Amino acid sequence: MSEIIETTQKKKVLSCIQPSGMLTLGNYLGALKNWVAMQDEFDCTFAVADLHAITVRQEPAKLRAQIYSTYALLLALGIDPEKHTLFIQSHVPEHANLSWLLSCNTQFGEMSRMTQFKDKSAKHANNVNVGLFSYPVLMAADILLYKPDLVPVGADQKQHLEIARDIAIRFNNLYGDVFTIPDAYIPKTGARVMSLQDPTKKMSKSDDNLNSWVAILDSKDDIIRKFKRAVTDSEACVRFGAEKPGISNLMTIYSAITEKSIADIEKEFEGKGYGDFKLAVGESVADALAPIKTAYDEIIKDKKALEVLYKQGAQKAEYVARKTYFKAMKKVGFVL
Ligand code: TRP
């Protein structure tokens, strides 16, 4: 009995990640490590947001490989598809369907203010498609279908979560209670990882300088090499500070991986040079990522087993999504 009460009282969490190729150390420390940790406390729904990926041009074979690979990586990281729900967005048609209902309750002006749209349309100036514009509405549908209490998002997605809340409040006011209004979840630990080559910029896999980012699936040698080449300063003192963005970034990474405090790290490397420190950071990262890579290599080999899991995941997700979707349809006045 007490067990039942406990499970029904768990708060619900939802988050999604785009299948955009190589996920980085930044994705890991900033978000995914936290997804794994949240499974103990919350009832989690996680998805590979493949529909979002085509807002920029994708090569079909590559997209397909990346969807598989992202799903497999989430399993390798330790997302538990039995206790929680892990699925591929496009397998649950309610996402696209609800997105239409929400689109008709979202204003052009609201979408025009989204900073990510402004950035992305400048970056992909030859393909400013309507999907890129209305992407936050699809994201709102992803969220609202599952009635989560909390949505873990990084700083770049906060504006999108806010619009999802606005859309939900407006819809509920117009048609009656359908959606739960979710809160942003800011993790207690969650590192903002910067580029290893320009520590004033966020680490990003779309960076042309391949030494600026580390992939979760990089080899140990590559990881250590990239950390050895990381840009620092000329003071040669392992100390945290705004005027030392390179070293501070490495300290943030080391702290996130080893769970040592910044003060302890300063002590640990007192009197030591950057060479020693960079090697220690590189090794700690490589050691933390090695078991993930080993697990991934096994999982990705077995497409049949993967298929069983993502199909089960879609079924579980759809069971929840349908209920919300049909309730919304009914409230708007459609004949069911
Ligand atoms: N837009 C998010 C990103 O690019 C991914 C995403 C899609 C998402 N749907 C979501 C995140 C729902 C949180 C909740 O990172």
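Owing to the predicted nature of the structure, the values given are computational and were not obtained by experimental measurement. Keep in mind that the numbers below use all heavy atoms, side chains included, and drop hydrogens, waters and symmetry copies. Counting convention: from 1, in listed order, for ligands and their atoms alike.
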Using distance alone, determine whether Tyr135 and ligand 1 share an N or O pair under 3.5 Å. yes

For ligand 1 and His160, I'd like to know whether there is a polar contact (N/O to N/O, distance under 3.5 Å). no

Counting each atom of ligand 1 from 1 as listed, which ones have a heavy atom of [X] under 4.0 Å away?
X: His52; value: 7 (C), 9 (N)
X: Ala49; value: 7 (C)
X: Ser15; value: 13 (C)
X: Gln18; value: 4 (O)
X: Ile143; value: 12 (C), 14 (C)

Validate the cation-pi geometry between Lys293 and Tyr296: distance from NZ or CZ to the six-membered ring centre under 6.0 Å, angle to the ring axis within 45°. no

I need the [X] [atom1] to [Y] [atom2] distance, nearest 0.5 Å.
X: Lys226; Y: Trp213; atom1: NZ; atom2: CH2; result: 6.0 Å
X: Leu250; Y: Met194; atom1: CG; atom2: CE; result: 12.0 Å
X: Gln107; Y: Asp166; atom1: CD; atom2: CG; result: 11.5 Å
X: Glu259; Y: Asp264; atom1: CD; atom2: CG; result: 12.5 Å
X: Leu144; Y: Glu94; atom1: CG; atom2: CD; result: 14.0 Å

When you look for heavy atoms under 4.0 Å from ligand 1, do you find them on the side chain of [X], its backbone, both, or neither?
X: Leu161; result: neither
X: Asp156; result: neither
X: Gln157; result: side chain
X: Cys16; result: both

Quick check, are the ring centers of Phe46 and Phe87 under 6.0 angstrom apart? no

Aromatic contact, Tyr135 with Phe117 (centres under 6.0 Å): no

Are Ile17 and ligand 1 in contact, using a heavy-atom cut-off of under 4.0 Å? no

Is it the case that over 12 heavy atoms from other parts of the model lie below 6.0 angstrom from the CE atom of Met22? no

Tell me: protein heavy atom nearest atom 9 (N) of ligand 1, and distance? Asp142 OD2, 2.6 Å

